[in-house]
Amino acid sequence: MKSIIFICLGNICRSPLAEGVAKVKAKELGLNIKVDSAGLSTCHNGENPCPISLNLAKKHGIDISNIISQHISEFSLDSYTLVVALDESNKEELKRVGINAKKLGDFGFEGRDVADLYYEPYRGNEVWEMIDRGVLNILKSLQ
């Protein structure tokens, strides 16, 4: 079975949003793909997604309220078909620990970073657009 894991810093904003979108879109496309998300930091372990991400997902008919933040150490990242970082600093940190990752922005956005809603909550619509389209492009590339 193919598998994807989305990685951001705290696993409470962007990566759980990407996980939720990927699960819904994979189901719509009839794909059997394992989807997870994790954070590089342990500072939010055990927390639900932030209210901004919860509301963005809900606005688009996706419930991510059951996702709980987990650190990358909880996963065998090298077992995933695709490890997707949400920005360049996440990708570089993964590279530093020996994990080859792609950026979500590499899938239709000329390698751009996905803005961190924790620090830039006003960029919600832009973040949604990148995650929604980028995830679809990722799933199509795995078909």
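If you read the sequence from its start, that first residue is 1, and numbering goes on from there.
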Exercise for the section: Return yes when atom CG of N100 has more than 12 non-hydrogen atoms of other residues, nucleotides or ligands closer than 6.0 Å, and no otherwise. Expected result: no

Problem - Which residues share a ring pair (Phe, Tyr, Trp, His ring centres under 6.0 Å) with H44, sequence neighbours left out - result: Y118

Exercise for the section: Show your reasoning for whether side-chain contact (heavy atoms from CB on, under 4.5 Å) applies to V84 and I138. Expected result: CA-CA 9 Å; V84 181; I138 289 168; 4.0 Å; yes

Practice task
Assess whether side-chain contact (heavy atoms from CB on, under 4.5 Å) is satisfied between I68 and N48, documenting all intermediate values.
Solution key: CA-CA 5 Å; I68 304 294; N48 291 102; 3.4 Å; yes

Problem - Any side-chain heavy-atom pair of L29 and L136 under 4.5 Å - result: yes

Problem - Minimum side-chain heavy-atom gap I33-L142 below 4.5 Å - result: yes

Linked, directly or transitively: [X] and [Y] (ILVMFWY side chains, under 4.5 Å):
X: L104; Y: L94; value: no
X: V35; Y: I12; value: no
X: L82; Y: F109; value: yes

At what distance, to the nearest 0.5 angstrom, does [atom1] of [X] lie from [atom2] of [Y]?
X: I72; Y: C8; atom1: CD1; atom2: SG; answer: 11.5 Å
X: L139; Y: K2; atom1: CG; atom2: NZ; answer: 10.5 Å
X: M130; Y: L17; atom1: CE; atom2: CG; answer: 12.0 Å
X: H71; Y: I7; atom1: NE2; atom2: CD1; answer: 9.0 Å
X: I131; Y: S53; atom1: CD1; atom2: OG; answer: 7.0 Å

Fill in the blank from the handout: Heavy-atom closest pair (S15 atom, A38 atom, distance to 0.1 Å) is OG-O, 3.6 Å

Practice task
Return the minimal non-hydrogen interatomic distance between F6 and A22, and the atom names on each side.
Solution key: CE1-CB, 3.7 Å

Enumerate the salt bridge (Lys or Arg N to Asp or Glu O under 4.0 Å) contacts for [range], please, sequence neighbours excluded, ordered by first and then second residue.
range: residues 91-101; result: E93-R96
range: residues 103-115; result: E88-K103, K103-D113
range: residues 50-78; result: none
range: residues 125-140; result: K25-D132, R123-E126, E129-R133

Side chain to side chain donor-acceptor pair (under 3.5 Å) with [X]: which residues, sequence neighbours excluded?
X: S89; value: D87
X: S37; value: N11, E19
X: Y119; value: none

[X]: side-chain contact (heavy atoms from CB on, under 4.5 Å) partners, not counting sequence neighbours:
X: V24; result: E28, I62
X: D36; result: I5, K34, F75, Y80
X: S41; result: L9, C43
X: I52; result: C50, L117, P121

